Amino acid sequence: MSDVQRSRQAPLPASGSAWLAVVGINEDGVAGLGAAARSAVSEADYVFGGARHLALAGPLILGAAEQWSSPLETSLARIEALRGERVAVLASGDPFCYGIGSVLARRIAIDEMRVYPAPSAYSLACARLGWAQQTTELVSLHGRPLARIDPYLREGARLVVLTSDAEAPGLIIERLRSLGCGASLVVLLEALGGPRERVRRFRVDDFSLAAGQVDPLNLLAFEIHRDRPSRPRLGVGRRIDCFEHDGQITSAELRALTLSRLAPRDGDRLWDLGAGAGSVAIEWLAIDPSLEAVAVEANPARATAIARNAARFGCERLEIIEGRMPQVLARLEGRPEAIFIGGGASEPATFELALAALAPGGRLVVNAVTLESEAMLLERYRLLGGELTRVGIERAEPLGKMSGWRPARSITQWYWCKPWNSEEPA
């Protein structure tokens, strides 16, 4: 009887112990697996993975091999239904580095798993280049907008970029060229760790390979050198000329004040109602990657501009809803921790729905410029309290041959925090 056959006769794990093995495998296949990882695969009654992973581990698989379904949800439900059986899942490299591991961990407790990571593509790339991981940024553009890379394009930065297919390198490199990074070093790393491995170096401006000349299993590394100064990094209170707008946009100074009042915390969700150019929601998302935002805008042209602004700044997390308030609010799901009303503040139903939807402890900020909207805020302040602020901004402008102060329209801002012990407005 072979060692593999003996392993198949091993007893099942004790009740409540780990039953799911998550095994990272690279292009060197079985040869790159340790003894424990090999046993986990050969002992499994069911082995899940992509076609490439199943082929790489083929010599070890004695149970039923099941290729990932489309949609993936079908396979995930199947794995859950097999709880208590011997099950193995194959993944690329480190399963918890942009891999299936985090997807499984959202459904299955980690103490029910045994995880056998292999070196990630990121780790292998840094090893090939001699770059320290702690000073090299990892950016995933696998199935993500190319604009996600923009904030990382700082002079001297080193990046490892995860890609999607053979066409991705050309598209990503062209974006860097268009953003003034033509002098940057680019390293194309293909099929790392296996017999097809290839590492090629270029300048961004000199890269000209067609998709057919690139292995679909690839990633990129960049050492950034800029041809021109980078665009200012997105933060709180960016100049309004950073955004596409038709005049319906919160000024830089008022936006900074508004975001300080909204006070984002890790994982918070914002509703930006009457979003205009979407500047408040976009800057909210730029504060931390854990934040979420929904921008509601009735004007179709403005909603389209919001999408372009979000793409420009790599804020693909922004959910844009075109529609009128309060009808849209009645359909929105969830309990946001922050709500900003920049437009439509004079509509009572909008107020009522926003106040009801806000999570306990959530913050509401409303900016009013018209007398009608201001009257609504004064009444809410009388009934609910909170804080009322009048904001006036003046800018120096030419006045004949000299200069003078030109005041902008004053803004009345109401800030209110929903009581923690109340599901309804106090």
Side-chain angles (χ1 to χ4, degrees), residues 151 233-240 242-243 249-297 306 309-310 313-315 317-320 325 329 332-345 350-369 373-374 376-378 380-381 383-393 411-426:
R233 298 191 70 188
L234 183 65
V236 172
R238 290 292 102 199
R239 294 173 56 91
I240 63 172
C242 291
F243 300 90
I249 183 172
T250 305
S251 69
E253 297 87 354
L254 187 59
R255 195 182 322 126
L257 176 60
T258 297
L259 285 162
S260 72
R261 291 292 200 175
L262 291 168
R265 302 181 178 94
D266 291 348
D268 278 359
R269 185 173 180 82
L270 167 73
W271 288 0
D272 183 355
L273 308 180
S279 60
V280 170
I282 289 170
E283 289 197 345
W284 165 280
L285 291 174
I287 291 171
D288 189 85
S290 71
L291 298 174
E292 300 177 354
V294 177
V296 178
E297 174 54 53
I306 292 172
N309 285 329
F313 292 114
C315 292
R317 311 191 307 284
L318 179 60
E319 180 182 353
I320 303 169
M325 297 183 294
L329 293 189
L332 288 182
E333 298 179 353
R335 304 294 301 276
E337 289 78 19
I339 297 178
F340 170 60
I341 304 179
T350 297
F351 260 98
E352 297 300 331
L353 290 168
L355 289 168
L358 192 65
R363 289 81 61 202
L364 173 69
V365 175
V366 187
N367 291 343
V369 65
S373 297
E374 183 180 271
M376 184 75 71
L377 297 191
L378 292 172
R380 292 293 172 179
Y381 176 67
L383 293 172
L384 301 176
E387 298 179 22
L388 206 59
T389 305
R390 193 77 179 276
V391 182
I393 298 171
I411 302 292
T412 301
Q413 182 179 87
W414 180 51
Y415 163 81
W416 181 73
C417 182
K418 191 169 190 176
W420 282 99
N421 59 354
S422 173
E423 285 296 324
E424 298 298 332

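Just so you know, these numbers come straight off a predicted model, no measurement behind them. Values reported hereafter were calculated over all heavy atoms of this structure, with side chains retained and with hydrogens, waters and symmetry mates removed. For the single chain, residues carry numbers from 1 onward in sequence order.
Side-chain contact between Arg255 and Ile240: present, with at least one pair of heavy atoms (C-beta onward) separated by less than 4.5 Å. You'll find the side chain of Leu384 reaches within 4.5 Å of the side chain of Leu355, heavy atoms only. The closest side-chain heavy-atom distance from Phe313 to Leu318 is not below 4.5 Å. Residues Leu259 and Val280 have side chains in contact (heavy-atom distance under 4.5 Å, counting atoms from C-beta outward).
In this structure, the salt bridge (charged side-chain N to carboxylate O under 4.0 Å, His left out) partners of Arg269, at least two apart in sequence or on a different chain, are Glu292, Glu319. Every residue meeting the side chain to side chain contact (heavy atoms under 4.5 Å, CB included) condition with Val391, not counting sequence neighbours, appears here in chain and number order: Leu254, Leu257, Thr389, Ile393, Ile411. Here Ala277 pairs with His245, Ile249, Asn309 under the side chain to side chain contact (heavy atoms under 4.5 Å, CB included) rule; sequence neighbours left out. Thr250 pairs by the side chain to side chain donor-acceptor pair (under 3.5 Å) definition with nothing, not counting sequence neighbours. Scanning for side chain to side chain donor-acceptor pair (under 3.5 Å) contacts around Gln413 gives Thr258, Asn367, with sequence neighbours left out. The side chain to side chain donor-acceptor pair (under 3.5 Å) test applied to Ser260 returns no partner, not counting sequence neighbours.
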Leu262 and Trp284: CA distance, side-chain angles, deciding distance, side-chain contact (heavy atoms from CB on, under 4.5 Å) verdict: CA-CA 9 Å; Leu262 291 168; Trp284 165 280; 3.9 Å; yes
As a quick check of understanding, evaluate side-chain contact (heavy atoms from CB on, under 4.5 Å) for Leu388 and Thr412, giving each step before the final call. CA-CA 7 Å; Leu388 206 59; Thr412 301; 4.1 Å; yes
side-chain contact (heavy atoms from CB on, under 4.5 Å) between Phe340 and Leu273: does it pass, once the steps are laid out? CA-CA 6 Å; Phe340 170 60; Leu273 308 180; over 6 Å; no
Would Val296 and Trp271 count as a side-chain contact (heavy atoms from CB on, under 4.5 Å) if you check the C-alpha gap in whole Å, the side-chain angles of each, and the deciding distance to 0.1 Å? CA-CA 8 Å; Val296 178; Trp271 288 0; 6.0 Å; no
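Interatomic distance, CZ of Phe351 versus CD1 of Ile339, reported as 10.5 Å (0.5 Å rounding). Atom CG of Leu285 and atom CG of Leu270 lie 8.0 Å apart (nearest 0.5 Å). Rounded to the nearest 0.5 angstrom, Ser279 OG and Asp272 CG are separated by 7.5 Å. Put simply, CD on Glu387 and CH2 on Trp416 are 13.5 Å apart, with the number rounded to the nearest 0.5 Å.
Nearest approach of Ala359 to Arg335, heavy atoms of both residues: CB-O, 3.8 Å. Summarising the geometry of Arg238 relative to Ala252, their closest heavy-atom pair is O-CB, 3.3 Å, with the distance given to 0.1 Å. Scanning all heavy atoms of the two residues, the minimum distance from Arg317 to Asp288 falls at NH2-O, 3.2 Å. Closest non-hydrogen pair, Gly278 versus Ile306, comes out as N-CG1, 3.7 Å. Counting all heavy atoms, side chain and backbone alike, Ala295 lies closest to Ala281 at CB-CB, 4.5 Å. For Ser290 against Gly267, the heavy-atom pair with the smallest separation is OG-N, 2.9 Å.
Checking side-chain atoms of Lys418 against main-chain N and O of Leu358 turns up a donor-acceptor pair under 3.5 Å.
Glu337 and Arg363 are not joined by a salt bridge, as no carboxylate oxygen comes within less than 4.0 angstrom of a charged side-chain nitrogen. A salt bridge does not link Arg239 with Glu253: every distance from a Lys NZ or Arg NE/NH1/NH2 to an Asp or Glu carboxylate oxygen is 4.0 Å or more.
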